[in-house]
2 protein chains.
Amino acid sequence: MEFEEARRKYIQTWGALGSQWGINKTMAQIHALLMISTEVLSIEEIMEELQISRGNASMNIRALIDWGIVFKESKAGERKEFFSAEKDLDKLAVTIARERSKREIKPALRILKEVSSIKTNSSKAEKQFTEQTKNLYDFVLKADNVLDKVTQYNENWLSKLVVRLIK
Amino acid sequence: MEFEEARRKYIQTWGALGSQWGINKTMAQIHALLMISTEVLSIEEIMEELQISRGNASMNIRALIDWGIVFKESKAGERKEFFSAEKDLDKLAVTIARERSKREIKPALRILKEVSSIKTNSSKAEKQFTEQTKNLYDFVLKADNVLDKVTQYNENWLSKLVVRLIK
DNA sequence: ATAAACTTTCAATTATTTCTGAAAGTTTAA
DNA sequence: TTAAACTTTCAGAAATAATTGAAAGTTTAT
């Protein structure tokens, strides 16, 4: 396999994986592209490379910036804006984990807490409901805390975690 | 809030969360419904409760069974089939983690390995490509192994993990 | 073998999500 | 100011994914 093919395959794969995890394909592909780029890229270069429209590129770059994993940069003497990606995988994973926790897990926890706290009569159905949703709340909360704890090791958290688990 | 409202809210929330993580809404809702049910449910009961068609119910139940988190059951003397869900959250999470690893992470790893092993010339772009994809491969492999290791504690793996992290 | 009771499949439809591109908005330099 | 260079927005179009429902398939009892 030669470079161009590998490059295409990598970007495709990352985009497809994104879709499976609830991230839109183009967003994942833009990030994949920036990850392997030595230089910062302009919006035109991204449009050209991925064959997408200006609007699409603009909106997805904005979303990536909101996630905190793509940065806007300026080049001296150039009017245009350029973009680069977080390339450190430890940092990248931490940022994504924190962001998903904030956007999705925390709100879900709030609702689980709410629905599991209803006053129940003695029916079997209602008892099972509060018990199971309470369990779910506890489980998700615990998992969220673990994620938080683990990612606080900062650099090399994954390697440090491996070490801890082996011991 | 009374029972019926809480129940609806819980099922809605779980469905929405499913969508955000690449699982179709109905599939997540059927699972949510079975999780809080004291009895096994027939396909009719699921259709009725979630207001969905027979075909939709059938296909999504099948998918849940393929994932190994919903089970088909028979009642003595009844022709109909009934369904129940894995209610133990530790087991549920392990099953989902293993399945996603098999279906999505392992194939992605194969491709990352492939594209990161290309023979490169000395250009900066090609060097950066192989370096970054190699890093990605290592990182994902390590994360996949951690997940595997952690879930092998079997029952109470999450609680055991919490203990290990506190020490 | 037959037929009732049930489940699965899949082509067509519907709903949802993503993408386009032109217009509106913003910034910078002169 | 003005206008060129650039970015963002968003209504409509296109693509994708989910859903329906009726026909085909399967199982079980007689």
Side-chain angles (χ1 to χ4, degrees), chain A residues 11-34 39-67 70-84 103-104, chain B residues 11-34 39-67 70-84 103-104:
Chain A
I11 290 172
Q12 285 309 310
T13 303
W14 221 236
L17 207 62
S19 306
Q20 288 173 319
W21 288 81
I23 286 138
N24 105 29
K25 193 186 73 178
T26 303
M27 196 167 148
Q29 288 186 338
I30 293 174
H31 187 258
L33 177 60
L34 289 172
E39 304 295 324
V40 295
L41 298 183
S42 70
I43 198 167
E44 272 81 12
E45 291 167 315
I46 293 170
M47 288 165 61
E48 164 65 19
E49 176 80 44
L50 303 178
Q51 292 291 302
I52 57 174
S53 72
R54 186 174 294 280
N56 193 10
S58 173
M59 292 209 302
N60 283 111
I61 289 168
R62 149 71 78 108
L64 285 162
I65 291 172
D66 285 349
W67 273 80
V70 159
F71 316 109
K72 194 180 270 193
E73 308 203 14
S74 299
K75 272 187 185 175
E78 290 229 44
R79 184 86 147 266
K80 243 185 270 189
E81 284 170 346
F82 293 86
F83 303 95
S84 65
R103 296 176 187 210
E104 296 152 16
Chain B
I11 291 171
Q12 285 310 309
T13 304
W14 221 236
L17 207 63
S19 305
Q20 287 174 320
W21 289 83
I23 286 140
N24 110 24
K25 194 186 70 178
T26 302
M27 195 168 147
Q29 288 186 340
I30 293 174
H31 187 257
L33 176 60
L34 290 173
E39 305 294 327
V40 294
L41 297 182
S42 69
I43 199 168
E44 271 82 11
E45 291 168 314
I46 294 170
M47 287 165 62
E48 164 65 19
E49 177 80 46
L50 302 178
Q51 292 291 301
I52 57 176
S53 71
R54 186 174 294 280
N56 195 7
S58 174
M59 293 211 302
N60 284 109
I61 290 169
R62 148 73 78 107
L64 286 163
I65 291 173
D66 285 349
W67 273 80
V70 160
F71 315 111
K72 193 180 273 193
E73 308 204 14
S74 299
K75 271 189 185 173
E78 291 230 43
R79 186 86 150 261
K80 246 186 266 188
E81 284 170 347
F82 294 86
F83 303 95
S84 65
R103 296 176 187 211
E104 296 151 16

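Just so you know, these numbers use all the heavy atoms, side chains as well, and skip hydrogens, waters and symmetry mates. Note that the structure is a prediction, hence the values are computed from the model and not measured.
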Side-chain heavy-atom pair B:E73, B:F83 within 4.5 angstrom cut-off: no

Pairing residues for B:N60 by the side chain to side chain contact (heavy atoms under 4.5 Å, CB included) criterion, not counting sequence neighbours: B:N24, B:T26, B:M27, B:I30, B:N56

Rounded distance in Å - CZ (A:F83) to P (D:dT7): 7 Å

A:K75 side chain near A:K80 side chain, heavy-atom distance below 4.5 Å: no

Value in whole Å for how far the P atom of D:dT19 lies from CD1 of B:I43: 14 Å

Nearest-neighbour nucleotide for the B:K80 side chain, C:dC6, D:dT9, C:dT9 considered: C:dC6

Enumerate all atom pairs, one protein N or O and one N or O from nucleotides 18-25 of chain C, separated by less than 3.5 Å.
from   : atom 1 : to    : atom 2 : distance (Å)
C:dC19 : OP1    : A:T26 : OG1    : 2.5
C:dC19 : OP2    : A:T26 : OG1    : 3.1
C:dC19 : OP2    : A:N56 : OD1    : 3.2
C:dC19 : O5'    : A:N56 : ND2    : 3.4
C:dT20 : OP2    : A:S53 : N      : 2.7
C:dT20 : OP2    : A:S53 : OG     : 3.0
C:dT20 : OP2    : A:N56 : ND2    : 3.2

Heavy-atom side-chain proximity of A:I43 to A:E81 below 4.5 angstrom: no

Enclosure of A:E44 CD (heavy-atom neighbours >12, cutoff 6.0 Å): yes

Contact under 4.0 Å: A:S58 side-chain N or O vs D:dT8 OP1/OP2: yes

Whole-Å gap separating C1' (D:dT19) and CD1 (B:I61): 14 Å

Interatomic distance, A:E44 CD vs D:dT8 P [rounded to whole Å]: 12 Å

Rounded interatomic separation in angstrom, taking CD from A:E45 and P from D:dC6: 12 Å

For atom NZ of B:K75 and atom C1' of C:dA5, their distance in whole Å: 16 Å

Contact under 4.0 Å: B:R62 side-chain N or O vs C:dT9 OP1/OP2: yes

Which residue lies more 5' along DNA chain D, comparing A:S19 with A:F82 via nearest heavy atoms: A:F82

Interatomic distance, B:M47 CE vs C:dT8 P [rounded to whole Å]: 13 Å

Under 3.5 Å donor-acceptor pair, B:R79 side-chain atoms to C:dA4 base atoms: yes

B:Q29 and B:K25: CA distance, side-chain angles, deciding distance, side-chain contact (heavy atoms from CB on, under 4.5 Å) verdict: CA-CA 6 Å; B:Q29 288 186 340; B:K25 194 186 70 178; 4.1 Å; yes

Test item: B:W21 and A:W21 side chains (from C-beta on) under 4.5 Å apart, heavy atoms: yes

Separation of C:dT7 P from B:I46 CD1 (nearest whole Å): 10 Å

